[in-house]
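This report refers to the structure that appears directly beneath it.
All figures in this text were calculated on a predicted structure; none of them were measured in a lab. Just so it is clear: chains get the letters A, B, ... in the order the sequence lines come, proteins before strands, and each one is counted from 1.
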There are 2 protein chains.
Amino acid sequence: MVVNKLALSQATIKRIPVYYRTVKALQQSGVKRVRSDRLSKLVHIAPATIRRDFSNFGDLGRSGYGYSVDLLAEVFGELLEVHSEEQMLLVGCGNLGRALLTNNFRRNPDLSIVMGFDTDPSLIGTTIAGIPIYNLATLSEKIRPGMHTAIVCVPSSAQASVISQLEANGITAILTFAPKPVPAQPGTKIRYIDLTSELQALLFVDHQSKLVQEPKTPLKQS
Amino acid sequence: MVVNKLALSQATIKRIPVYYRTVKALQQSGVKRVRSDRLSKLVHIAPATIRRDFSNFGDLGRSGYGYSVDLLAEVFGELLEVHSEEQMLLVGCGNLGRALLTNNFRRNPDLSIVMGFDTDPSLIGTTIAGIPIYNLATLSEKIRPGMHTAIVCVPSSAQASVISQLEANGITAILTFAPKPVPAQPGTKIRYIDLTSELQALLFVDHQSKLVQEPKTPLKQS
DNA sequence: CTGAATATGTGAAATATTTAACAAATAGGC
DNA sequence: GCCTATTTGTTAAATATTTCACATATTCAG
């Protein structure tokens, strides 16, 4: 096996896709080399953090030169297994599901939603953006071997049931937009995207920062 | 001013909305008290972390009893300023924008998108889910005083320009789905939601965990 | 009212993550 | 080829966050 298990921190793992996207963009602009401080401005991550992250993957850089963009693209592409297309399924073809099906990660040729599932009879049998929508009850018939990944856009109330169905059918990686945590089987990785929480946390810090900046009702000019 | 500036960690801030949602749900089920270990199972956060988070807001709990659900709901609601409706605008009414307009945080009566902006002539002047869509060029005319928050669903290439327009019109909190970091003015808080990165990081950890679990091609049963 | 049971709040330890700072290595002009 | 300017990789320090463990406070049954 080519890839060894790396002891990467969670923080580093979350940054790998960001690095990958950025060096790919540089590569496509014809840039051949990049220094950690230049990259820092592009990704908003401190140069020292970038260098430390990169050092996990061997000595990628050269003192006094920087990093080869091509090499970085290759290394991160390998880590993310960009060489093989990940065929994913999506459950819940409401507004958000439809938006994701339509968008379908077109910028990333290695990510592709290939089928959708729903329980709404008016959707079953149709296609959205060319992707067929099946009855969720027929999941086990439609799923193809080698599919490990699902995107879940169902209401919180339906989520637990949907996720256990997915697990029963060999899905091990799930991205879900319903914020209700569910007990997952040991082998299953679930990532929750909680838009309301993100927004509320943003509003909270925005308001907090205004509390400090606000002038303390000055009685006189001075 | 009632609310004092609190020195909360970023980690704690991100959890406040989760706590709020959960205690609200408990409250609506008629639950009156909750212990940190019970809450832990609901939110998937360690009991000690919950207690430490809560201790930031004063002595909310009582030994041998737990926490009053009503009190928690009140405290977190106050922190998040749920009493006043946050009127937000959305820029970019493509697939994702349309999905968010249609959904419009209905579960949260205090969050509301009240207008959309786009540059596409075929959208300008229409409504989506009852929300009017205006020409982005007329932002300064349409925006209402007291609006501080925007959701951005435009392509990465348009993002920098859109964000500086928003800043020029008094927007200080921005949630965006375009992953390209932009230089923001000091007072502006920007939160990036990067779906592709989330998905790639998820796939990465899923694959990593399989590398360990995989049996090492056993030669014989034993 | 008493005492056993319970569950908080927190000091201290453990863990995770970022950042500073610099020796060592390389680049590239001359 | 030499020498100076760069820029890495990394050690050590700083910061951030989580978790343990338990003294203390409160509950509630009898």
Side-chain angles (χ1 to χ4, degrees), chain A residues 5-19 22-23 26 31-76 181 197 201 204-205 208, chain B residues 5-19 22-23 26 31-76 181 197 201 204-205 208:
Chain A
K5 180 89 199 289
L6 296 168
L8 298 174
S9 76
Q10 288 306 305
T12 299
I13 289 172
K14 287 188 64 175
R15 287 188 292 260
I16 295 174
V18 177
Y19 294 140
T22 308
V23 297
L26 287 173
V31 177
K32 286 296 174 192
R33 60 187 268 193
V34 69
R35 291 166 294 157
S36 60
D37 67 334
R38 166 94 178 98
L39 206 44
S40 171
K41 298 207 176 78
L42 295 174
V43 296
H44 288 203
I45 296 167
T49 304
I50 291 174
R51 293 201 300 276
R52 182 169 299 283
D53 280 344
F54 286 12
S55 73
N56 284 296
F57 311 116
D59 289 12
L60 304 183
R62 278 141 66 200
S63 308
Y65 177 88
Y67 300 88
S68 152
V69 170
D70 289 338
L71 176 62
L72 292 180
E74 185 190 323
V75 168
F76 290 122
S197 282
F204 181 81
V205 301
Q208 286 263 304
Chain B
K5 181 90 198 296
L6 295 168
L8 298 174
S9 75
Q10 288 306 304
T12 298
I13 290 172
K14 288 189 63 174
R15 286 188 292 261
I16 295 174
V18 176
Y19 295 139
T22 307
V23 299
L26 287 172
V31 177
K32 287 295 175 195
R33 58 187 272 195
V34 69
R35 292 167 294 161
S36 61
D37 65 336
R38 167 95 178 98
L39 205 45
S40 171
K41 297 206 177 80
L42 295 174
V43 297
H44 288 200
I45 295 167
T49 304
I50 292 174
R51 292 201 300 278
R52 187 168 297 281
D53 280 345
F54 286 12
S55 73
N56 285 295
F57 311 116
D59 289 11
L60 304 183
R62 279 139 66 200
S63 307
Y65 177 88
Y67 299 89
S68 153
V69 169
D70 289 339
L71 177 60
L72 292 180
E74 186 191 322
V75 169
F76 290 122
S197 282
F204 181 80
V205 301
Q208 287 263 306

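- Regarding B:Arg52, its CZ atom lies at a distance of 14 Å from the P atom of D:dA21, rounded to whole Å.
- Straight-line distance from the CG atom of A:Leu71 to the C1' atom of D:dT8: 14 Å, rounded to whole Å.
- Closest heavy-atom contact between B:Tyr65 and B:Lys32: OH-O, 4.5 Å.
- Backbone-only contact: B:Arg15 has heavy atoms under 4.0 Å from sugar-phosphate atoms and none from a base.
- Between A:Val34 and B:Ile45, the residue whose closest nucleotide on DNA chain D is further toward the 5' end is A:Val34.
- Checked by distance alone, B:Arg33 brings no side-chain donor or acceptor within 3.5 Å of a matching partner on the base of D:dT27.
- Nucleotide D:dG9 holds its P atom 12 Å from the CG atom of A:Leu39, rounded to whole Å.
- For DNA chain C, the span of nucleotides reached by chain B at under 4.0 Å from its heavy atoms goes, 5' to 3', from C:dT6 to C:dA12.
- Using a 4.0 Å heavy-atom cutoff across all strands shown, A:Asp37 reaches no nucleic acid atom at all.
- At a threshold of 4.0 angstrom between heavy atoms, the contacts of A:Arg51 include nucleobase atoms, whether or not backbone atoms are also involved.
- Closest approach of A:Asp53 and A:Thr12 over heavy atoms only: OD1-OG1, 2.8 Å.
- Checking the phosphate oxygens (OP1, OP2) of D:dA5, no side-chain nitrogen or oxygen of A:Tyr65 falls inside 4.0 Å.
- In terms of the salt bridge (Lys or Arg N to Asp or Glu O under 4.0 Å) criterion, B:Arg52 has no residue partners (sequence neighbours excluded).
- Residue-to-nucleotide proximity on DNA chain D shows that, of A:Ser55 and A:Gly64, the 5′-proximal contact is made by A:Gly64.
- Terminal axes of the helix from C:dC1-D:dG30 to C:dC30-D:dG1 (five pairs each, C1' rotation axis) are separated by 20°, to the nearest 10°.
- Rounded to the nearest 0.5 angstrom, B:Lys14 NZ and B:Leu8 CG are separated by 14.5 Å.
- Across all strands, A:Phe54 comes closer than 4.0 Å to no nucleic acid atom at all (heavy-atom distances).
- Taking 4.0 angstrom as the limit, B:Arg62 places a side-chain polar atom (N or O) nearer than this to OP1 or OP2 of D:dT27.
- If you check every strand for non-hydrogen atoms under 4.0 Å, B:Ser36 touches sugar and phosphate atoms only.
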